[in-house]
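A short write-up of the structure that comes next.
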Amino acid sequence: AQSVTQLGSHVSVSEGALVLLRCNYSSSVPPYLFWYVQYPNQGLQLLLKYTTGATLVKGINGFEAEFKKSETSFHLTKPSAHMSDAAEYFCAVSLNSNYQLIWGAGTKLIIKP
Amino acid sequence: EPEVTQTPSHQVTQMGQEVILRCVPISNHLYFYWYRQILGQKVEFLVSFYNNEISEKSEIFDDQFSVERPDGSNFTLKIRSTKLEDSAMYFCASSEGWSEGRMGSNQPQHFGDGTRLSIL
């Protein structure tokens, strides 16, 4: 069965610092991988996705993530945090023949001024 | 940019009552989904819908739940005889259809802002 683990329910970084949000998955076959962001009182917005091809994918708002099959990871990064990045970030996976998204527990990103 | 809309944003219902949550998916999308998020817990898949029938459902989606696409635009989730534990945020999502000859599960799902359901 597939599962998604996000390390750290809360991550706090200073404005301008590197953001690193960790996501590891377990799957018997290579999955499709997604990062979503949820701002307070809003829905889930797609940040980026990996399906096939280049393992480093770029998303909106300066975020990127790298699929590392050997490490079964899909960590999300941003070189320089901005106050507007404060939100909850969710990693999710789906399989070829499977419609549903399997979700991580989410990581709240806190930006310190 | 087209978006998924959900109504109402907040629904308060007495335990045992029926509730219908409404969603308008993005107009050219073919796959529709419901998820829920109980406060403090993970987002959980409920059901996916394609070509006017359920394509997949989770263990949560028992006989208490049903989905319907009553017309060309709405996608509804009905919960019969609500229980306290049904209190959660319910998200609707939709995605495009076939891509490169494969099933659409690699197409990103676009989410609405959710309906917060509170059962008293």
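Each chain gets a letter, A, B and so on, in the order its sequence line appears, and its residues count up from 1.
Atom CD of B:Glu85 is surrounded by more than 12 heavy atoms from other residues, nucleotides or ligands within 6.0 Å. Atom CZ of B:Arg116 has 12 or fewer heavy atoms from other residues, nucleotides or ligands within 6.0 Å.
For B:Phe91 and A:Trp103, the ring centers are positioned 6.0 Å apart or more.
One hydrophobic cluster holds both B:Val19 and B:Val67 under the rule that ILVMFWY side chains link at heavy-atom gaps under 4.5 Å. Under a hydrophobic-cluster definition in which Ile, Leu, Val, Met, Phe, Trp and Tyr are linked whenever side-chain heavy atoms come within less than 4.5 Å, directly or via other members, B:Phe75 and B:Tyr50 are assigned to different clusters. B:Ile79 and B:Leu120 fall into different hydrophobic clusters, where Ile, Leu, Val, Met, Phe, Trp and Tyr side chains are chained together by heavy-atom contacts under 4.5 Å. In the hydrophobic clustering of ILVMFWY residues, with side-chain heavy atoms under 4.5 Å counting as a link, A:Trp35 and A:Tyr39 come out together. By the criterion of side-chain heavy atoms lying less than 4.5 angstrom apart, applied directly or through intervening Ile, Leu, Val, Met, Phe, Trp or Tyr residues, A:Leu21 is grouped together with A:Met83 in one hydrophobic cluster.
Residue contact with chain B, scored on non-hydrogen atoms closer than 4.5 Å, involves the side chain of A:Gln38 exclusively. Proximity to chain B is limited to the side chain of A:Leu46, based on heavy atoms less than 4.5 angstrom apart. If you measure heavy-atom distances from B:Gln37 to chain A, the contacts under 4.5 Å come from the side chain alone. Neither the backbone nor the side chain of A:Tyr50 comes within contact range of chain B; no heavy atoms are under 4.5 Å apart.
In terms of modelled atom types and a separation under 3.5 Å, the side chain of B:Tyr35 and the main chain of A:Gln100 share no donor-acceptor contact. Looking only at distances, no side-chain donor or acceptor of A:Tyr36 sits under 3.5 Å from a matching main-chain atom of B:Phe111.
Counting only heavy atoms from C-beta outward, the side chains of B:Phe45 and A:Ile102 never approach each other to under 4.5 Å.
In terms of heavy-atom proximity, A:Val4 sits nearest to B:Lys42 at O-NZ, 3.3 Å.
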